[in-house]
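Worksheet for the structure shown next.
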Amino acid sequence: QVQLVESGGGLVQPGGSLRLSCAASGINFSIYAVGWYRRAPGKQRELVAHITSGGTTIYQDSVKSRFTITRDNAKNTVYLQIDSLKPEDTAVYYCNKIPPREWGQGTQVTVSS
């Protein structure tokens, strides 16, 4: 059974930083492209960053230079470093393979002063 456990979210002020983690079990993340998705209030879930099995990273234009996705295949874990947070980054963040399958519970990121 595949389990994805996201963590690291929280309430931060604009300009702050967070590091999100996604630990996977029941699936070998290392052979897949893996992405971080987010669902903002009233909006559909969107892919904001992903990393290929070879380590190439791709970002949505709105998060380039502020988000950094990395992976640790030995730990079957993917990370998302988020810097210079903006209120519009407020969302529930999820990780999943590409294309996605079962979703985890996500981690809430709230950016507010």
Can you pull the salt bridge (charged side-chain N to carboxylate O under 4.0 Å, His left out) pairs that have at least one residue in residues 70-82, sequence neighbours excluded?
none
For Lys86, enumerate each residue passing the salt bridge (Lys or Arg N to Asp or Glu O under 4.0 Å) test, keeping only those at least two apart in sequence or located in another chain.
none
Report the residues that fulfil salt bridge (Lys or Arg N to Asp or Glu O under 4.0 Å) with Glu102, sequence neighbours left out, ordered by chain and then residue number.
none
Do any pairs count as a disulfide bond (SG atoms under 2.5 Å apart) and have a residue in residues 20-89, sequence neighbours left out, and if so which ones?
Cys22-Cys95
Ser113: side-chain contact (heavy atoms from CB on, under 4.5 Å) partners, not counting sequence neighbours
Pro14
So which pairs with a foot in residues 47-64 pass salt bridge (charged side-chain N to carboxylate O under 4.0 Å, His left out), sequence neighbours left out?
Asp61-Lys64
Expected list for residues 24-34: side-chain donor-acceptor pairs under 3.5 angstrom, two or more places apart:
from: Asn28; atom 1: OD1; to: Ser30; atom 2: N; distance (Å): 3.1
from: Asn28; atom 1: OD1; to: Ser30; atom 2: OG; distance (Å): 2.6
from: Asn28; atom 1: ND2; to: Ser30; atom 2: OG; distance (Å): 3.4

Residue pairs fulfilling side chain to side chain donor-acceptor pair (under 3.5 Å) with at least one residue in residues 4-15, sequence neighbours excluded
none
Contacts of Tyr59 meeting ring-ring contact (aromatic ring centres under 6.0 Å, His included) (sequence neighbours excluded), chain-then-number -> none
Go through the structure and list residues passing salt bridge (Lys or Arg N to Asp or Glu O under 4.0 Å) with Arg66, not counting sequence neighbours.
Asp89
Run the ring-ring contact (aromatic ring centres under 6.0 Å, His included) test against Phe67 and tell me which residues pass, sequence neighbours left out.
none
Listing request: all ring pair (Phe, Tyr, Trp, His ring centres under 6.0 Å) pairs with a residue in residues 72-113, at least two apart in sequence or in separate chains.
Tyr37-Trp103, Tyr94-Trp103
